[in-house]
Amino acid sequence: NVNRKPEIQEARLKLPVVAEEQVIMEAIRNNTVVIICGETGSGKTTQVPQFLYEAGWSHPDSDNPGMIGVTQPRRVATVSMAKRVADELNLSDKEVSHQIRYDATVSDKTRIKFMTDGVLLREMSQDLLLTKYSTIIIDEAHERNLNTDILIGVVSRVLKLRAELSREDRQKIKPLRVIIMSATLRVADFTENKTLFPVVPPVINVNARQFPVAIHFNKKTPLDHVGEAYKKITKIHERLPNGGILVFLTGQNEINQLCKELRKRYPALPPKATKKEIVKEEKANALESKTDSTPAGKADIEDEALELGENQVEEDFDLSSDDDDDIGEGFDDDELADVKDAPLHVLPLYSMLPTEAQLRVFEPPPEGTRLCVIATNVAETSVTIPGVRYVVDCGKSKERKYDVETGVQTFEIDWTSQASAGQRAGRAGRTGPGHCYRLFSSAVFDNEFEKFSTPEIHRMPIEGVVLSMKAMNIDNVVNFPFPTPPPRENLMKAEKLLGYLGAISTTNRHITEFGRTMSLFPITPRFAKMLIIGQQHGCLPYVIAIVSALSVGDPFIQDYHLDEDQPDTDDELESRELGNITSESVAEKERRKLVRKKYYSSQMKHAGLDPSSDILKLLNVVGAYEYAGATTKFCEDNFLRPKAMEEIRKLRRQLTNLVSSNFPEIDICLDPKMPPPSAVQLKVLRQVITAGFIDSVAIRQDVLDTGGGKGLRYKNAKNVVYRLLWTDEEAFIHPGSILYSQEPPAMLVYSELYKGGKNWLKCNTAVEAK
Ligand code: ADP
Ligand code: MG
């Protein structure tokens, strides 16, 4: 019933996975879970779904009706692999379909369905038993994305459920099969985890023929990896024998820039090209600029829209690096050429590129030209480009990062792992011996690259993970079978916090509507809550500024917190301070006194707006900084760290964009300058802060003792005991707080608890007595 074209059939037979078809199908028939490991390009993604199809799986009349579902972490691979499998099987996209967030070709005829892992997770919140599927193939499991990890966990439970139900009534419901596919052999997290799979699943290793790849490191690590890549490509193209070049860069902008430069330097077609060929080439290139209509979203790994944070610039880098002389290393002299204007067929490859433009990388380049693909890490394991002999690797990638404390999500460019660099190099050895040029030194590789990348779940703040899972209707997170589980106490704490914040119901632990909205923001749930409730009275720009400042952390230089006229009796703080002072001359002491005075007057100036909150003081500073033109001078004059202020600024922009794209009904402008908040707005802001830190309440001990009465009178907060509401611990207002030198409030919320010899409450806001 399968009718493949002869040339396809011939190409398939060369794939290592095809040689293992019997072994693989046998394992799938006899086991509910099978793990397949094989080098990138060995045929896992394109062939395994076809084995099942050919054996009759997914046919309505078979013993295994229901679609063959294949999940991918990336959209690029989802769409292009669906198309490839449809072509190989000679079927339409109605039968071999894809589904990504806003685009699907699925029909009631669909037999094989490729989708992103996020799509399947969302589907499972409606149909946990996956009744439409006979098999789920989880691809690229080595990447260890949060979604993939969660998917493996949920699917392991569904397997059990489906098996039980089918024992009761085999006619009505059939058992599910799960196939996990991975590019590297690091699968112990799946096989040795008894909570995940009680019976150890068989692992099939596909032995792909991999030709040797010679690795060439740069002697120096250049600052500008795009420029360095350009130089290297030029040398390869002009001097080295035939063979495609695959270049790894970090993102869309870099890729487009390099493509433009290379196309300017080399013709795309040989001089003898016909008019027809030229027109065809121009048409094909025009596909690239067709913008992908898919809105930017949180779920996409390669989203370029939410960029934050510059590339870290290492100081010892040498701009004038010249590593080009030895390009002929590893080649015989008679193999080397010196041709200045040979045609180069330059193609980009990244997630946001329209599908038709992506698929061009699989076509052989025009006769007499050399293929040169400039890609992001999609070409690392998800997509295999034929005919590559040279790899140029910048060694970096753009990764989604999270600040574990604040939950802020950013995209940052950083070194990849040694394992990833190995994968990239391997792309040069698919069709014959190859060469990989690393645009960094071996010292950087040895000292700065991690061995493997850490699973995403361990890089994310835990309450964000839990909220995401609740949004997928996974309620029992504490006992959830993660491949590598986070500590149980942390999961329980996170659930408790989400309860306080109103993101989940405190009785049944289900997510609330409010929680669903919160889950749309790339920041910790606490701050998401503040953003959502901060929409009244035009307060949103202020809340965004507050959340940004809190996320980045205190921008004030902290050295001047203690006032000599007001010595603190706390031993720890005092001795630290005295240690400094005794070693100073009298003049120096006087100087410091002056600086301190200036510091305090600057603090008081900023607190002027509302002297009852350190957070509102922060807001004031952020506003004043913008009015002063965001200068370094302003930072110096006001004891601020310029880098922190700059980061706050960027985060404000990012969050403002996010609010306007997720909530088009909210009218919010991007003007960084804001007028000071009105009295009403200040009141709302204080409520918003209280709601966001509802789990961090402290009450004055003497007020508690008098049962909510007025309590004692104090001139300042020195030695005034507070009691933490949820843990019953004792704590004190930190001398650096604006609340320290005035009558201490009966109740406050703190946003930092500093555990020294005593518990210190930092960054506080007084809660108004009603
Ligand atoms: P794996 O999943 O093991 O990395 P794949 O199944 O993705 O391997 O790739 C197997 C082969 O199919 C590769 O040699 C690749 O070049 C080829 N291939 C994949 N997609 C296409 C396509 N759209 N056009 C031509 N060849 C393709
Ligand atoms: Mg694959």
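Both ligands and their constituent atoms are indexed starting at 1 by order of listing.
Distance remark: protein heavy atom not present below 4.0 angstrom from atom 17 (C) of ligand 1.
Residues Glu380 and Ser420 bring a donor and an acceptor atom of their side chains to less than 3.5 Å of each other. With no hydrogens or angles considered, a side-chain donor-acceptor pair links Arg111 and Ser58 at under 3.5 Å. When only modelled atom types and interatomic distance are considered, Tyr266 and Glu238 share a side-chain donor-acceptor pair under 3.5 Å. Under the 3.5 Å distance criterion, with hydrogens and angles disregarded, no donor-acceptor pair is assigned to the side chains of Arg29 and Asn64.
At a heavy-atom distance under 4.0 Å, only backbone atoms of Glu39 (N, CA, C or O) approach ligand 1.
Scanning the protein for heavy atoms near atom 13 (C) of ligand 1, the closest one is Thr384 CB, 3.8 Å. Taking atom 19 (C) of ligand 1 as the reference point, the nearest protein heavy-atom neighbour is Phe362 CE2, 3.8 Å. In this structure, the protein non-hydrogen atom closest to atom 8 (O) of ligand 1 is Gly43 N, 3.1 Å. In this structure, atom 25 (C) of ligand 1 lies nearest to the protein heavy atom Arg84 NH1, 3.2 Å. What sits closest to atom 4 (O) of ligand 1 on the protein, heavy atoms only, is Gly41 N, 2.6 Å. Given atom 12 (O) of ligand 1, the protein heavy atom at minimum distance is Thr46 OG1, 4.3 Å. Summary of contacts: the protein heavy atom closest to atom 11 (C) of ligand 1 is Leu15 CD2, 3.8 Å.
Among Leu344, Leu347, Val392, the single residue meeting the side-chain contact (heavy atoms from CB on, under 4.5 Å) criterion with Cys372 is Leu344.
Among the atoms of Gln47, none of the N or O lies under 3.5 angstrom from an N or O of ligand 1. For the pair Thr45 and ligand 1, the shortest N or O to N or O distance falls below 3.5 Å.
Here Glu288 pairs with Arg263 in a salt bridge; the nearest charged N to carboxylate O distance falls below 4.0 Å.
Counting heavy atoms from C-beta outward, Leu262 and Ile374 have side chains that approach closer than 4.5 Å. Within the 4.5 Å cutoff, the side chain of Tyr133 has no heavy atoms near those of the Ile68 side chain.
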Full working for side-chain hydrogen bond (donor to acceptor under 3.5 Å, both in side chains) between Thr274 and Glu277: CA-CA 5 Å; Thr274 61; Glu277 284 169 319; 3.3 Å; yes
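Proximity to Thr40 (heavy-atom distance under 4.0 Å) selects the following atoms of ligand 1: 4 (O).
For the pair Arg438 and Phe445, the distance from NZ or CZ to the six-membered ring centre is under 6.0 Å and the angle to the ring normal is within 45 degrees.
Residue Ser42 places a heavy atom less than 4.0 Å from ligand 1. Ligand 1 lies out of reach of Ser80, whose nearest heavy atom is not under 4.0 Å from it.
Coordination check, Met181 versus the Mg ion (ligand 2): failed, since every N/O/S atom of the residue sits at 2.8 Å or beyond.
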